[in-house]
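One structure is given here, and the rest of the page talks about it.
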Amino acid sequence: MKYSRLLISLSFLLSSCVDGEVLSFDSDSRESITIAYAEPLSTFSPLSYEAKNRKYLANIYEPLVSFDSSFNMETALAVSWGRLDDSTWDFRLREDVFFHDGSAFDADDVVYSLRLAQDQEGSELGALLGTIEGVEKTGTHRLSIKTDGPDPLLLNKLTYLYIIPDGYEDFNVPVGTGPYRISSYSDNILELERFEAYWGALAYFKEAKLQYISDPDERKEAFLSGEVQVLANVPPQAVADLEAATIEVEDFPSLEVSFLMFNTKSVFSDENLRAAVWNALGTDFAETLGGGYLMETSQVAASGITGYMATWENRVQDLDAAKQARALYEGEVVVTLDLPSGLAALGEAIAEDLEQIDISVSVNSLSPDLFEDKILSGASDFYFFGWKYDLADSADFFESVIHSKEEGYGEFNGIAYSNLSLDEQIEEASSLLDYTQRRTLLETLTEQLMEDQVVLPLFESRVLYALGSGLYYNFRLDGLIMASEIVENMVK
């Protein structure tokens, strides 16, 4: 379930390094870097889809292809790829690559990793890779992947497929090809050591420690004391203290957009009532409730992904229009707004706005499990919902949340929404290979969806990072912190 849980660029330096080369830095630089996270590592399995685990494991494992910091596709264990036809892809693999156990990487490892991700019981990648119907080794370092039809997001999905040695099953001792390999794990600290046989530029720091510190004040103090050099999850309440210590806090889009969802089988089946709510609600929730680290939005897609429209006009509050629309609906309106626990303040703010047009709102805060059960059962009048765009594309939102609920679609459609015209266009977008045409279609889908006013975008969340003095990192839109890309005190 994807509901909400609430650049200093050195790329030119890194790209100038040849394989196996270590950058030249000041001799006084430290040999170890510690990064603190707000969530713990729960598994070493490469078959995990959870973002909290991938933040740790991305330093150990590698995929065939990967995103750069701005969601451009770049090489990883595959050096080139292309389509042989609309549903068959050819991949040429990198040679002279070794796993952390010393075994050589080749096509057999990719075939094994992909089949395991699809078929292994408990794999969280099976649905993601569901369009793949076959993988075949065509050479020692070459293979083909066949999908059950055109899949324009295949490369995006493959960024989540970590490659492990053929036949390897002991995930308690992770073995990848990444720039770091595991040294030890205890007391919520994952200790990594630089992999000296890495195929690419060697990491600057010989050791990297990835540490889970649950308490936000403890994380802040560990950073201020120098125990931690990179703070991956800066609590908003800690920003003032960090800035007072002359620490620069960076904030970046999280790819997560939050909405209000109106159940079309409830009182909100009436389009006039939905229009009344749309016009009555304020547009400053991000400013008043987010501590300055939420961004107002009026569109479906997160900024920076395919489907996002930079010129989209923001929604404005219009109480006169709201009252006129409300007058077209006769009778009393009493509704329940369901939210996950921790968002009561947002619920009360919404209730206050709607009280101005004689809509009575009962705010119902639920634990995550109960919240999910209720909204997906279709029993909620309207509810808060967040979607994280892991694939850097808005198509998965339309397929999973907006499409009519049927096999393969509408898994998270808890509002009983059905628009057959949109369904056809959503299905077309899921197989349209031409990028420009596809982007235009996704933008059209957004425009048409907004006309029905069943999904009201509220805000896009941002994530905060802090770097210790002298450190440089090009923060990424996918939220990963790659320890191997952090550098310090570089000299010519």
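Model, not experiment: these values are computed from the prediction.
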Can you measure from [atom1] ([X]) to [atom2] ([Y]) and round to the nearest 0.5 angstrom?
| X | Y | atom1 | atom2 | value |
| --- | --- | --- | --- | --- |
| Asp423 | Leu445 | CG | CG | 10.0 Å |
| Glu133 | Thr147 | CD | OG1 | 7.0 Å |
| Thr140 | Glu95 | OG1 | CD | 8.0 Å |
| Ser400 | Asn413 | OG | CG | 10.0 Å |
| Leu281 | Leu260 | CG | CG | 6.5 Å |
| Ser113 | Leu158 | OG | CG | 11.5 Å |

Minimum heavy-atom distance between [X] and [Y], given as atom pair plus value:
| X | Y | result |
| --- | --- | --- |
| Phe412 | Tyr383 | O-OH, 4.4 Å |
| Ser461 | Ser254 | OG-OG, 2.6 Å |
| Lys405 | Glu411 | NZ-O, 3.4 Å |
| Phe171 | Phe44 | O-CB, 2.8 Å |
| Ser484 | Asn59 | N-OD1, 4.4 Å |
| Val135 | Leu114 | CB-CD2, 3.6 Å |

Set of residues satisfying salt bridge (charged side-chain N to carboxylate O under 4.0 Å, His left out) with respect to [X], sequence neighbours excluded:
| X | result |
| --- | --- |
| Arg142 | Asp90 |
| Lys323 | none |
| Arg92 | none |
| Asp251 | Arg462 |

In terms of relative ring orientation, are [X] and [Y] parallel, tilted or perpendicular, with 30° and 60° separating the classes?
| X | Y | value |
| --- | --- | --- |
| Phe91 | Trp81 | tilted |
| Phe475 | Tyr473 | perpendicular |
| Tyr389 | Trp387 | perpendicular |

Just by modelled atom types, is the [Y] backbone N or O under 3.5 Å from a matching donor or acceptor in the [X] side chain?
| X | Y | value |
| --- | --- | --- |
| Asn72 | Asp68 | no |
| Arg274 | Thr264 | no |
| Ser266 | Asn263 | yes |
| Arg219 | Val234 | no |
| Thr444 | Thr440 | yes |
| Glu256 | Gly386 | no |
| Arg326 | Ile359 | no |
| Asp284 | Glu287 | no |
| Gln118 | Ile132 | yes |
| Asp86 | Pro150 | no |

Exercise for review: Could you tell me which residues satisfy ring pair (Phe, Tyr, Trp, His ring centres under 6.0 Å) with Tyr160, sequence neighbours excluded, listed by chain and number?
Suggested key: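 Partners of Tyr160 by the ring pair (Phe, Tyr, Trp, His ring centres under 6.0 Å) criterion, ordered by chain and then number, come out as Tyr49.
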I'd like to check the side chain to side chain donor-acceptor pair (under 3.5 Å) partners of [X]; sequence neighbours left out, ordered by chain and number.
| X | value |
| --- | --- |
| Tyr56 | none |
| Ser380 | Asp338 |
| Lys157 | Asp151 |
| Ser45 | none |

Check your understanding: Considering residues, nucleotides and ligands other than Glu330, do more than 12 of their heavy atoms fall under 6.0 Å from its CD?
Key ->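 Atom CD in Glu330 is not crowded, with 12 or fewer foreign heavy atoms closer than 6.0 Å.
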Review point. Would one find more than 12 heavy atoms of other residues, nucleotides or ligands at under 6.0 Å from atom CD of Glu271?
Key: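 Check fails, neighbour count at 12 or below.
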Check your understanding: Yes or no on side chain to side chain contact (heavy atoms under 4.5 Å, CB included) for Phe459 and Met295, after CA distance, side-chain angles and deciding distance?
Key -> CA-CA 5 Å; Phe459 43 75; Met295 300 186 300; 5.9 Å; no
Review point. Can you tell which of Asp108, Leu93, Asp106 makes a side-chain contact (heavy atoms from CB on, under 4.5 Å) with Leu143?
Key: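 Considering Asp108, Leu93, Asp106, a side-chain contact (heavy atoms from CB on, under 4.5 Å) with Leu143 is found only for Leu93.
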Point to revise | Partner of Ile35 under side-chain contact (heavy atoms from CB on, under 4.5 Å), chosen from Ile486, Leu231, Leu190 | key: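 Option passing the side-chain contact (heavy atoms from CB on, under 4.5 Å) with Ile35: Ile486.
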Review point. So do the side chains of Leu433 and Arg83 get within less than 4.5 Å of each other, counting heavy atoms only?
Key: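 The answer is yes; the side chains approach within 4.5 Å.
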**Study point:** Non-hydrogen side-chain atoms of His141 and Val79 separated by less than 4.5 Å
**Key:**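 Counting from C-beta outward, His141 and Val79 never come under 4.5 Å.
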Point to revise | salt bridge (charged side-chain N to carboxylate O under 4.0 Å, His left out) pairs, two or more places apart, involving residues 436-449 | key: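 Sorted pair list: Asp393-Arg438.
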Review point. Knowing that exactly one of Tyr308, Phe259, Tyr409 qualifies, which makes a ring pair (Phe, Tyr, Trp, His ring centres under 6.0 Å) with Phe397?
Key: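 Testing each of Tyr308, Phe259, Tyr409 against Phe397, the sole residue satisfying ring pair (Phe, Tyr, Trp, His ring centres under 6.0 Å) is Phe259.
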Which pairs of donor and acceptor atoms, one on a side chain in residues 339-358, lie under 3.5 Å apart (sequence neighbours left out)?
residue, atom, partner, partner atom, Å
Asp353, OD2, Gly282, N, 2.8
Gln356, NE2, Asp353, O, 3.4

Exercise for review: Start with the C-alpha distance between Leu294 and Leu458, add both sets of side-chain angles, then the distance that settles side chain to side chain contact (heavy atoms under 4.5 Å, CB included), and finish with yes or no.
Suggested key: CA-CA 10 Å; Leu294 296 175; Leu458 292 172; over 6 Å; no
Point to revise | Tyr212 vs Tyr37, ring pair (Phe, Tyr, Trp, His ring centres under 6.0 Å): CA-CA, chis, key distance, verdict | key: CA-CA 5 Å; Tyr212 163 54; Tyr37 292 95; 9.5 Å; no
**Study point:** Asn364/Thr336 under side-chain hydrogen bond (donor to acceptor under 3.5 Å, both in side chains): CA gap, chis, key distance, verdict
**Key:** CA-CA 7 Å; Asn364 183 32; Thr336 297; over 6 Å; no
Name the atoms and distances for all side-chain donor-acceptor pairs under 3.5 Å in residues 296-307, with sequence neighbours left out.
residue, atom, partner, partner atom, Å
Thr297, OG1, Gln299, N, 3.4
Ser298, OG, Arg315, N, 2.7
Gln299, OE1, Met309, N, 2.9
Gln299, NE2, Met309, O, 2.7
Ser303, OG, Glu460, OE1, 3.4
Ser303, OG, Glu460, OE2, 3.1
Thr306, OG1, Tyr435, OH, 3.4

